[in-house]
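Right, one structure below, let's go through it.
Naming convention: chains lettered A, B, ... in sequence-line order (proteins, then strands); numbering from 1 in each chain.
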Amino acid sequence: MPEGHTIYRLALDLTRDFADQSLKVSSPQGRFTSVDVLDGQTLKRAHAIGKHLFIEFETVEKNAQPAITCVHIHLGLFGKFKKMPKEREPSSSVRLRLDSEDSCWQLTGPTACALINADEFKALQERLGADPLSAAPRSPRAWAKVHASKRSMGALLLDQSIFAGIGNVYRAEILFLLGIHPEMPGNALAKPLFEKLWKLSRTLLLRGVEANRIVTVDGATGRTRKNGTLHAYKQRYCRVCTVPIVKTTNAMRTMYHCPTCQPDRQTKRA
DNA sequence: ATGTCATGATAAC
DNA sequence: TTATCCTGACATA
């Protein structure tokens, strides 16, 4: 499930496998047209902001100083970026393939995969809000936006210009764990509870990076399919109070909440 | 075998 | 608010 944890983990894994190595870079699908610029160049690092992945290459052209060339990738709903056995032949749907001596990664189905210049990177950086994975444990700007908004907490958590990296699964889980009704307006959230929310987002995302999947239930390993790893998202019954989970729509996305554990649409204190 | 929905985001109305 | 893009898993027939 590509929410922020997936992208952060990808950045770590790509950096681990490829940093400071010259790579064979190709687009078997042919839709990443500027891929030639990167072939044979050195990958310096990969990093993430929210659900956006950036891979930086040091590119050297003839008679020119080395420059940094940045690839911007967004998986969207369907994208996958996975490590493959090196001997695997790329299928015709592979948008981007990276090969080192030892490792091979393939990208399929992304919403975005393109070179961007420094200005375009800057614009993205400014468009995105703070990422709980990379930013300080508190985010004054996110608080200011939430505090000033009468939009629902469900909508605000999905807003990438406020919480970069939170997706539909994490929003359901975070609101459940804090007992916040998804329709509660942002301006009704007391500051201490916002601080808790930010810290919890960071904790859960970090756990997601480690497990490489979303785990919000304490003690759930996520290894077996039977022991659920989630509290509310796509769950039938609340595992705390056993009441049926309610399915609604919030900000045009499916929302799940427990009517007993998240009863209160009014002002909430921590 | 066919249809529906999904972790996301954008453009256009 | 809707249509649209990309792909795969699951449900229904």
Open item on the list: Side chains of A/H72 and A/E120, heavy atoms from C-beta outward: is any pair under 4.5 Å?
Closed with: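 Heavy-atom side-chain distance check fails, nothing below 4.5 Å.
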Open item on the list: Less than 4.5 Å apart, side chain to side chain, heavy atoms only: is that true for A/H231 and A/L177?
Closed with: yes
When the [atom1] atoms of [M] and [N] are compared, how many Å lie between them, rounded to an integer?
N: B/dT10; M: C/dG8; atom1: C1'; value: 22 Å
N: B/dT4; M: C/dA3; atom1: P; value: 15 Å
N: B/dC5; M: C/dT2; atom1: P; value: 15 Å

Rounded interatomic separation in angstrom, taking [atom1] from [X] and [atom2] from [N]:
X: A/R151; N: C/dT1; atom1: CZ; atom2: C1'; answer: 15 Å
X: A/L157; N: B/dG8; atom1: CG; atom2: C1'; answer: 16 Å
X: A/Q29; N: C/dC6; atom1: CD; atom2: P; answer: 9 Å
X: A/N168; N: B/dA6; atom1: CG; atom2: P; answer: 9 Å
X: A/Q106; N: C/dG8; atom1: CD; atom2: P; answer: 12 Å
X: A/F81; N: C/dG8; atom1: CZ; atom2: C1'; answer: 19 Å
X: A/L10; N: B/dG8; atom1: CG; atom2: P; answer: 15 Å
X: A/F78; N: B/dG8; atom1: CZ; atom2: P; answer: 11 Å

Open item on the list: Within the 4.0 Å heavy-atom criterion, would you say A/R171 contacts the bases, only the backbone, or no part of the nucleic acid?
Closed with: nothing
TODO: For the side chain of A/R31, starting at C-beta, report the closest nucleotide among B/dG8, C/dT1, C/dC6.
DONE: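 Of B/dG8, C/dT1, C/dC6, C/dC6 is nearest to the side chain of A/R31.
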Task: A/C104: side chain to side chain contact (heavy atoms under 4.5 Å, CB included) partners, not counting sequence neighbours - done: A/M84, A/K86, A/R97, A/D99, A/Q106
Task: Distance (rounded to the nearest 0.5 Å) between A/R236 CZ and A/I245 CD1 - done: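 So the gap between those two atoms works out to 12.0 Å.
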Provide a list of protein-nucleic acid N or O atom pairs under 3.5 angstrom, restricted to nucleotides 9-13 of chain B.
{"unit_1": "B/dA9", "atom_1": "OP1", "unit_2": "A/H74", "atom_2": "NE2", "d": "3.0"}
{"unit_1": "B/dA9", "atom_1": "OP2", "unit_2": "A/K51", "atom_2": "NZ", "d": "3.1"}
{"unit_1": "B/dT10", "atom_1": "OP1", "unit_2": "A/R127", "atom_2": "NH1", "d": "3.1"}
{"unit_1": "B/dT10", "atom_1": "OP1", "unit_2": "A/R127", "atom_2": "NH2", "d": "3.3"}

- [ ] Answer yes or no: are there more than 12 heavy-atom neighbours, outside A/K122 itself, under 6.0 Å from its atom NZ?
- [x]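 Not buried by this count: 12 neighbours or fewer within 6.0 Å.
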TODO: Check whether any side-chain nitrogen or oxygen of A/T108 sits under 4.0 Å from OP1 or OP2 of C/dC6, and answer yes or no.
DONE: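 So the side chain of A/T108 is outside the cut-off, no N or O lying under 4.0 Å from OP1 or OP2 of C/dC6.
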TODO: Look at the side-chain heavy atoms of Ile, Leu, Val, Met, Phe, Trp and Tyr, link any pair under 4.5 Å apart, and say whether A/F57 and A/F54 land in one connected group.
DONE: no
Validation: residues 153-169 of chain A side-chain donor-acceptor distances under 3.5 Å, sequence neighbours left out:
{"unit_1": "A/D159", "atom_1": "OD1", "unit_2": "A/S161", "atom_2": "N", "d": "2.9"}
{"unit_1": "A/D159", "atom_1": "OD1", "unit_2": "A/S161", "atom_2": "OG", "d": "2.7"}
{"unit_1": "A/D159", "atom_1": "OD2", "unit_2": "A/R151", "atom_2": "NH1", "d": "3.0"}
{"unit_1": "A/Q160", "atom_1": "OE1", "unit_2": "A/G165", "atom_2": "N", "d": "2.9"}
{"unit_1": "A/Q160", "atom_1": "NE2", "unit_2": "A/L158", "atom_2": "O", "d": "3.2"}
{"unit_1": "A/Q160", "atom_1": "NE2", "unit_2": "A/I166", "atom_2": "O", "d": "2.8"}
{"unit_1": "A/N168", "atom_1": "OD1", "unit_2": "A/R171", "atom_2": "NE", "d": "3.0"}
{"unit_1": "A/N168", "atom_1": "OD1", "unit_2": "A/R171", "atom_2": "NH2", "d": "3.2"}
{"unit_1": "A/N168", "atom_1": "ND2", "unit_2": "A/T254", "atom_2": "O", "d": "3.0"}

